[in-house]
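Since the structure comes first, as structure tokens, the remarks are kept for the end.
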Number of protein chains: 2
Amino acid sequence: MVDNQEKTEEKILKAAEEVFQKKGMTGARMQEIADTAGINKALLHYYYRTKDKLFEKVINMAFSKFFPRVINIMGSGISVFEKIEVFVSNYLDLIAKHPFIPGFVINELNRNPQILISLFEKNIRLKEEGLIDKFNIQLQEEVEQGIIKPIDARNLMVNIVGLCIFPIVAKPIVQGVIFGNDKKQYNDFLKQRKEHVIDFVISSIKMD
Amino acid sequence: MVDNQEKTEEKILKAAEEVFQKKGMTGARMQEIADTAGINKALLHYYYRTKDKLFEKVINMAFSKFFPRVINIMGSGISVFEKIEVFVSNYLDLIAKHPFIPGFVINELNRNPQILISLFEKNIRLKEEGLIDKFNIQLQEEVEQGIIKPIDARNLMVNIVGLCIFPIVAKPIVQGVIFGNDKKQYNDFLKQRKEHVIDFVISSIKMD
DNA sequence: GTCTATACACTGATAGAC
DNA sequence: GTCTATCAGTGTATAGAC
């Protein structure tokens, strides 16, 4: 019954993803995950002996969904402006597809920072590859050429990712405080964000 | 023993703040809060009958620490550029003083958005006062005067708050991924953030 | 592999003495 | 107000039948 096995494991992971992202590690209940997967609680422990093991798998999936692919755009051979455009566009699409992952990962990492170590082992090592340093070299070249105003790669990258992620992660506050809990206004706001963020960032660093 | 009463309640609230912010609502334990406060678990229930009541008090304190005061800067009589400067400066100081509150509030609000309703009742109602709309009118005036490039208040405010909050809320990722877990580099990064964010935002919207 | 039943520990909350 | 003792409920995890 390899077929059933794979189907069950798939169901478990999908259910675990859903419940963990909604309730968090401590708030999630094995019972609820079992119910969501349409299986028995004991079967959950048959596949993943402990809640910790299951959680580790789920947060690993979440992390690897966001980091490996998109961040490599930074290493491609296009100009800084093009990189900003491609990155923001891809990143916002990814966030739209998985809106709960950024907040979930950030929150659980804050509660237990040592998770990051395990995450690094199983994902692409950014530091070793020197991606950020390489991007910074390109950036400073364009600064010297007078294309871009002085800025360092760390600030720029944090700004870009923050501008992309914040409106989603802080959805209750943005929708509640800024848009008086009007869902439509909030959704319309998100739709125009891609264009706006690209404009905002490039407008900030482009030399007059 | 009014003196002792106040002291105990103070100790409880301080301990509850610490534990709830560190572990979250579901992860926090009444026992740990009692231990941190140096009192008995039963005494906790004597002051706050349930965990929910205590949590509500704590998240209310956290919320009211961030919203009422600083956001009113938007309503003062200074120029848009000055508002940005004052707001970012005050906001980053406030975050530095209470680095765990933004992530705590955002996370708990995501898990239980209805908290916001109770929060609104007990804090200044932003929507009714039309603060954002007033700020937008001022903004559009300066746009028409050719001082500022076209931008709406919602995008600008989300950008500013996001740029301030993100590096703190996502500390494990920023410190871990961007700075290879180098604490000193991360702290140095935070120190230069105030100046950078102000520059970045104004540079983006200032008409050439 | 999948189920039912259950063990065992922990947690929030209360009772009652001081 | 503050403590000790304790209960009822819930949670993770396992045993054992099929």
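Within every chain, numbering begins at 1; the chains are lettered A, B, ... in the order of the sequence lines, protein sequences first and strands thereafter. Everything quoted here is computed from the prediction, not taken from an experiment.
- Close to D/dT12, at under 4.0 Å from its OP1 or OP2, lies no side-chain N or O of A/T50.
- Taking the charged nitrogens against the carboxylate oxygens, A/K57 and A/E9 have no contact shorter than 4.0 Å, which rules out a salt bridge.
- Distance, B/D52 CG to C/dA13 C1': 12 Å, rounded to whole Å.
- Rounded to whole Å, the distance from NZ on A/K53 to P on D/dA13 is 11 Å.
- Ion pairing of A/D35 with A/R29 is absent here, as no side-chain N (NZ or NE/NH1/NH2) approaches a carboxylate O to less than 4.0 Å.
- Contact check for A/E85 versus A/F81: no side-chain heavy atoms found under the 4.5 Å cut-off.
- A straight line from CD of B/Q31 to P of C/dG12 spans 9 Å, rounded to a whole angstrom.
- Atom CG of B/L44 is separated from atom P of D/dC3 by 11 Å (rounded to the nearest Å).
- For A/F104 and A/F100, the distance between ring centers is not under 6.0 angstrom.
- Considering only side-chain N and O atoms, B/T8 lies under 4.0 angstrom from the phosphate OP1 or OP2 of D/dT2.
- What separates CE of B/M30 from P of C/dT14 is a distance of 10 Å, to the nearest Å.
- Remark: aromatic rings of B/F55 and B/F20 are close, center separation under 6.0 Å.
- One can place CG of A/D35 at 14 Å from P of D/dT10, the figure rounded to the nearest angstrom.
- Atom NZ in A/K7 sits about 14 Å away from atom C1' in C/dG1, given to the nearest Å.
- Proximity of A/Y47 to the phosphate of C/dT2: a side-chain N or O atom is located under 4.0 Å from OP1 or OP2.
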For nucleotides 5-10 of chain C, print each protein N/O atom paired with a nucleotide N/O atom at under 3.5 Å, atom names and distance only.
none

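- Among residues two or more places apart in sequence or in another chain, the ring-ring contact (aromatic ring centres under 6.0 Å, His included) test is passed with A/H45 by none.
- Phosphate proximity of D/dA13 to A/H45: present, with a side-chain N or O under 4.0 Å from OP1 or OP2.
- No contact: A/A34 has no heavy atom under 4.0 Å from any strand.
- Annotation: side-chain contact (heavy atoms from CB on, under 4.5 Å) contacts of A/K184 (sequence neighbours excluded): A/D182, A/D188.
- Put simply, CD1 on A/I33 is 11 Å from P on D/dA13, counting in whole angstrom units.
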